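Scroll down for the structure; my scribbles are underneath it.
Every number for a ligand or one of its atoms is a count from 1 in the order of the listing. Remember, it's a predicted structure, so these values are computed and weren't measured experimentally.
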Amino acid sequence: MGEKTRMTRTVYVNGDYVPENEAKVSVFDRGFLMADGVYEVTSVLDGKLLDFAGHCKRLARSLAELDITNPHTDAEWLALHRELVARNALQDGMIYLQVTRGNPGDRDFVFPPADTPCTVVLFTQDKPGLADNPAAKTGIRVISIPDIRWGRRDIKTVQLLYPSMGKMMAKKAGVDDAWFTEDGLVTEGTSNNAYIVVGNKIITRHLGTEILHGITRSAVLRFAREAQMEVEERSFSIDEAKVADEAFITSASAFVMPVVEIDGASLGDGKPGHIARRLREIYLEESRKSAV
Ligand code: PDD
């Protein structure tokens with residue numbers, strides 16, 4: 001760990017910027033007791049936020065789907081993110097943001113009154129060299145596991161127990177990550193969207209309630225189409241994936257990450273494919289340009 005990671009971070013809690021070891025949230029917080037909250041992860045490169053407008057828009061949607069009043073305007077969210085980047089002198093890394101239904105002062109399945117203030121927490125995660133992750137050069141290996149999450153995966157809630165268990169299953173199997181499957185078809189990765197490439201065609205599951213609508217997914221598909229690459233948004237099976245020419249995942253923290261092995265089957269020549277590599281380059285280049 002570098003010198004910087006050991007520094008005490010300044011985090012944001014409900015209006016205050018405080019040292020991380022002084023930040024407090026109530027034991028009655030609905031996020032803590034009921035996983036009643038949503039989150040966003042926005043990456044930062046060279047001190048600037050990537051795809052910020054997209055993350056703000058999805059945050060607003062997640063909150064609206066759960067009837068939690070959005071506590072801030074987009075401009076206020078941007079100011080909070082920027083202030084935290086500045087106070088922590090963050091160059092490369094992520095900003096984690098969480099909003100919960102707040103603290104009703106007791107445990108109750110019934111939602112508290114709508115005017116109960118929500119809990120807002122933001123913190124930085126320092127990842128020097130985030131864009132130069134060595135895994136992008138070798139590619140990652142995944143296994144498939146059944147998707148037993150709830151049915152509203154389009155809402156970015158903090159219910160991450162099963163994705164976290166999935167990551168552990170992958171580790172136990174000696175690989176990097178897991179892809180969820182449902183009714184024989186891939187939904188997405190534990191914390192990323194999943195893609196295969198067959199011939200020159202990029203295939204990724206269509207949007208719906210079964211997957212998170214990745215902000216990186218939306219940008220990457222736009223860049224792919226602009227570069228005249230062929231894109232098909234449809235479900236695919238693990239069997240189809242195992243014989244695909246390439247595969248990759250996308251997320252705010254992994255950007256575009258090649259996948260070189262699925263359930264023990266090597267893809268192509270076992271090295272990152274050229275479409276995944278090209279999309280990673282384009283994504284990093286374009287999103288740096290529009291970073292704020
Ligand atoms: N995860 N699917 C799931 C289940 C995710 O958790 C994520 C993001 C994505 C990709 O979305 P985006 O491109 O907007 O990051 C897809 C974040 C990075 C996390 O939990 O850390």
Tell me whether Thr181 contacts the main-chain N or O of Gly184 through its side chain, where contact means a donor paired with an acceptor under 3.5 Å.
no
Sub-3.5 Å pairs, protein N or O with ligand 1 N or O:
residue: ligand 1; atom: 1 (N); partner: Lys156; partner atom: NZ; Å: 3.3
residue: ligand 1; atom: 1 (N); partner: Ser191; partner atom: O; Å: 3.3
residue: ligand 1; atom: 2 (N); partner: Glu188; partner atom: OE1; Å: 2.6
residue: ligand 1; atom: 13 (O); partner: Ile215; partner atom: N; Å: 3.4
residue: ligand 1; atom: 13 (O); partner: Thr216; partner atom: N; Å: 3.0
residue: ligand 1; atom: 13 (O); partner: Thr216; partner atom: OG1; Å: 2.6
residue: ligand 1; atom: 14 (O); partner: Arg58; partner atom: NH1; Å: 2.8
residue: ligand 1; atom: 14 (O); partner: Arg58; partner atom: NH2; Å: 2.9
residue: ligand 1; atom: 14 (O); partner: Ile215; partner atom: N; Å: 2.8
residue: ligand 1; atom: 15 (O); partner: Ala252; partner atom: N; Å: 2.8
residue: ligand 1; atom: 20 (O); partner: Tyr39; partner atom: OH; Å: 2.6

Can you sort out the partners of Arg153 under salt bridge (Lys or Arg N to Asp or Glu O under 4.0 Å), two or more places apart, ordered by chain and number?
Asp147, Glu182
Does NZ or CZ of Arg87 come closer than 6.0 Å to the centre of the six-membered ring of Tyr17, within 45° of the ring's axis?
yes
Results of side chain to side chain contact (heavy atoms under 4.5 Å, CB included) for Leu45 - residues two or more places apart only
Leu50, Asp92, Leu130, Ala131, Phe255, Leu284, Arg288
If you count the non-hydrogen atoms of other residues, nucleotides and ligands that lie under 6.0 Å from CG in Asn21, is the total more than 12?
yes
Taking ring-ring contact (aromatic ring centres under 6.0 Å, His included) as the cut-off, I'd like each qualifying pair that reaches into residues 97-152, sequence neighbours left out, listed once.
Tyr96-Phe123
